[in-house]
Undergrad: 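The structure that follows is given in the form of structure tokens.
Since the model is a prediction, treat every value here as computed from it, not as a measurement.
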Amino acid sequence: MHALSLPTWMIHISSVLEWMAAMWFIWQFAAVTQRPVWRWLAIAMFPALVSAMAACTWHLFDNAPGLAWLVTFQAAMTVVGNATLCLAAWWIWRQGSASATSAK
């Protein structure tokens with residue numbers, strides 16, 4: 001618990017909460033606008049949330065060498081999260097392009 005200062009903990013925890021809130025808002029946006037393709041963006045954000053939680057868990061245990069595998073796991077989840085976010089953005093763009101084409 002002493003691996004990070006209190007302000008750094010506040011930043012870490014608030015970032016995780018903000019990410020969760022963003023996922024919820026995007027999910028609600030999809031429901032309100034009746035554009036379910038946006039739900040894929042909220043789902044695609046999940047690996048990055050797991051990555052953040054892995055980092056917080058490692059710091060919670062004072063960066064214990066026995067939990068060093070969490071650093072690798074966190075890095076892997078970051079890569080997966082970046083890829084899923086890229087795919088979700090591409091899918092939203094593709095669905096928007098298809099809608100624009102069919103509207104002409």
Undergrad: Once you round to the nearest 0.5 Å, how far does CE of M53 lie from CD1 of I13?
TA: 11.0 Å
Undergrad: Among the clusters formed by ILVMFWY side chains lying less than 4.5 Å apart, do V71 and L60 turn up in the same one?
TA: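 Yes: a chain of side-chain contacts under 4.5 Å links V71 to L60.
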Undergrad: Linking I/L/V/M/F/W/Y whenever their side-chain heavy atoms sit closer than 4.5 Å, directly or via other members, would L4 and L6 fall into one cluster?
TA: no
Undergrad: Same cluster or not: L85 versus I43, using hydrophobic residues (I, L, V, M, F, W, Y) connected whenever any side-chain heavy atoms lie under 4.5 Å apart?
TA: yes
Undergrad: Take atom CZ of F29 as the centre, draw a 6.0 Å sphere, and report whether it contains more than 12 heavy atoms from other residues, nucleotides or ligands.
TA: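 Above 12, so yes.
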Undergrad: Are any non-hydrogen side-chain atoms of F73 and V50 less than 4.5 angstrom apart?
TA: yes
Undergrad: Which atom names give the shortest non-hydrogen contact between R39 and A31, and what distance separates them?
TA: NH2-CB, 3.8 Å
Undergrad: To the nearest 0.5 angstrom, please state how far the CG atom of L17 sits from the NE2 atom of H12.
TA: 13.0 Å
Undergrad: So, do T84 and W40 sit near enough that their side-chain heavy atoms are less than 4.5 Å apart?
TA: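 In short, these two side chains do not touch, never coming nearer than 4.5 Å.
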Undergrad: Determine, using the 4.5 Å side-chain heavy-atom cutoff (strictly less than), whether I11 and L49 are members of one ILVMFWY cluster.
TA: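 In one cluster: no.
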Undergrad: State, with a plain yes or no, whether a side-chain heavy atom of V80 is found less than 4.5 Å away from one of M77.
TA: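 They are in side-chain contact.
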Undergrad: Please name the pair of heavy atoms, one in A64 and one in W58, separated by the smallest distance, quoted to 0.1 Å.
TA: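 Shortest heavy-atom separation between A64 and W58 comes out as O-NE1, 3.3 Å.
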Undergrad: When rounded to the nearest 0.5 angstrom, what is the spacing between CZ in F25 and CE in M20?
TA: 12.5 Å
Undergrad: Would you say L41 and W24 are hydrophobically clustered, going by side-chain heavy atoms of ILVMFWY under 4.5 Å?
TA: no
Undergrad: Nearest heavy-atom pair of M23 and A42: which atoms, and what distance?
TA: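 That closest heavy-atom pairing would be CE-O, 3.3 Å.
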Undergrad: Looking at W93, is its backbone amide N or carbonyl O close enough to the side chain of S97 to form a donor-acceptor pair, meaning the two atoms are under 3.5 Å apart?
TA: yes
Undergrad: Return the minimal non-hydrogen interatomic distance between W19 and M45, and the atom names on each side.
TA: NE1-O, 3.0 Å
